[in-house]
Amino acid sequence: METVESPAGPLALAVDGEGALLWLQFVEGDYEWTVEGELEEEGYRVGEDAGRTARAREELLEYHAGERREFGVPFVLRGTEWQKAVWGALARIPYGETRTYGDIAATLGRPRSSRAVGRANATNRLPLVVPCHRVIGADGSLTGFAGGMHLKVRLLEHEARVLGGEDAGMVTSSGA
C-alpha cells in the first residue's frame, strides 16, 4: 500500500505482484472497511514496494496535474459479470463528461436497470481509473459516491478546471 496525491486528496493504492492496480481508496473518505483488511481477507499480503507501484503512482500524479485524461496502467476487476460490464461502461465515459445511471443501463441493453447500475457503481474499487465520479442522477444532480460526496465534487471540479470550465458542478452530460 502506498499513498499518492489526487485532486480529491490523498489516495491509497494497492497493486498486485505485476503492478496491476487492485484497489484505490481516498484516505479522507468515510468507509466501513480498510483496503488492507479487504485485501488480506482475499489472501493478499500487504506491504510497500515503490517499484511495483511506480507506473500507477506516476499515472495518478499525471491525472492530478491535469496531464492525463485516460489511464494505461493495467488493473484487476473483481466482481460479477454485471459489475464488470458496468465498470467497462464507466471506463468509456470521456474525461470531463458525465452520464446518468439510466444512460449506463441503456448502453448495456438494460434501460430499466439504473438502480443495478448504481449498486455496481458503488462497489467500484478503482475510482479515477474506472471513473464512477462521472455518473450523476437522472435530474443532473450529484448522487452517491463511496467515501463522500465532497470527493466526487472535487473530482468533477478538477476535470472541469482542466478543460477550462467555469462551473465544475455542472459538467454536462452528452448522453449514452
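Side-chain atoms are counted along with the backbone in the values below, which use heavy atoms only and exclude waters and symmetry mates.
- Here CG of L21 is found 11.5 Å from CZ of R57. Values are rounded to the nearest 0.5 Å.
- Rounded to the nearest 0.5 angstrom, Q25 CD and L151 CG are separated by 10.5 Å.
- R55 contributes a side-chain N or O that, together with a main-chain N or O of G72, makes up a donor-acceptor pair within less than 3.5 Å.
- Residues forming a side chain to side chain contact (heavy atoms under 4.5 Å, CB included) with R52 (at least two apart in sequence, or on another chain): V15, D49.
- Side chain of R134 to main chain of I93: a donor-acceptor pair is present (N/O by atom type, distance under 3.5 Å, no hydrogens or angles).
- Taking the side chain as every heavy atom from C-beta outward, V130 and L77 approach each other to under 4.5 Å.
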Point to revise | side chain to side chain contact (heavy atoms under 4.5 Å, CB included) evaluation trace for L128 with H64 | key: CA-CA 10 Å; L128 300 185; H64 177 67; over 6 Å; no
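- Listed by first then second residue, pairs satisfying salt bridge (charged side-chain N to carboxylate O under 4.0 Å, His left out) with a partner in residues 114-131 read E42-R125, not counting sequence neighbours.
- Among all heavy-atom pairs drawn from P131 and A91, the shortest one is CD-CA, 3.8 Å.
- Using modelled atom types, one side-chain atom of W87 and one backbone atom of A120 make a donor-acceptor pair closer than 3.5 Å.
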Between side-chain atoms of residues 135-150 and protein atoms elsewhere (two or more places apart, or another chain), which donor-acceptor pairs fall under 3.5 Å?
{"residue": "D139", "atom": "OD1", "partner": "S141", "partner atom": "N", "Å": "2.9"}
{"residue": "D139", "atom": "OD1", "partner": "S141", "partner atom": "OG", "Å": "2.6"}
{"residue": "T143", "atom": "OG1", "partner": "Y101", "partner atom": "OH", "Å": "3.2"}
{"residue": "H150", "atom": "NE2", "partner": "E28", "partner atom": "OE2", "Å": "3.3"}

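- Take A89 and apply the side chain to side chain contact (heavy atoms under 4.5 Å, CB included) test, not counting sequence neighbours, and it matches R92, I104, L108.
- Taking each heavy atom of Y63 and E159 in turn, the nearest pair found is OH-OE2, 2.6 Å.
- Every pair tested for salt bridge (charged side-chain N to carboxylate O under 4.0 Å, His left out) that includes a residue from residues 5-22 fails, sequence neighbours excluded, so the list is empty.
- Using a distance-only test at 3.5 Å, with no hydrogens or angles considered, no donor-acceptor pair links the side chain of N121 to the main chain of G118.
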Review point. What's the verdict on side chain to side chain contact (heavy atoms under 4.5 Å, CB included) for T98 and H133, showing C-alpha distance, side-chain angles and the deciding distance?
Key: CA-CA 8 Å; T98 59; H133 64 281; over 6 Å; no
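- Hydrophobic clustering of Ile, Leu, Val, Met, Phe, Trp and Tyr side chains at less than 4.5 Å, counting indirect connections, keeps L24 apart from V27.
- By the side-chain hydrogen bond (donor to acceptor under 3.5 Å, both in side chains) test, S113 pairs with R110, sequence neighbours left out.
- In this structure, the side-chain hydrogen bond (donor to acceptor under 3.5 Å, both in side chains) partners of R68, at least two apart in sequence or on a different chain, are E62.
- Listed by chain and residue number, nothing satisfies the side-chain hydrogen bond (donor to acceptor under 3.5 Å, both in side chains) test with E38 (two or more places apart in sequence, or in another chain).
- In this structure, the side chains of T107 and R99 stay at 4.5 Å or more apart for every pair of heavy atoms.
- For the atom pair OG1 (T123) and CH2 (W82), the distance works out to 11.5 Å, reported to the nearest 0.5 Å.
- H158 contributes no side-chain N or O that, together with a main-chain N or O of S6, makes up a donor-acceptor pair within less than 3.5 Å.
- A pairwise comparison of heavy atoms in N124 and C132 identifies ND2-SG, 3.2 Å as the closest pair.
- Legend: residues meeting ring-ring contact (aromatic ring centres under 6.0 Å, His included) with F75, ordered by chain and number and at least two apart, are absent.
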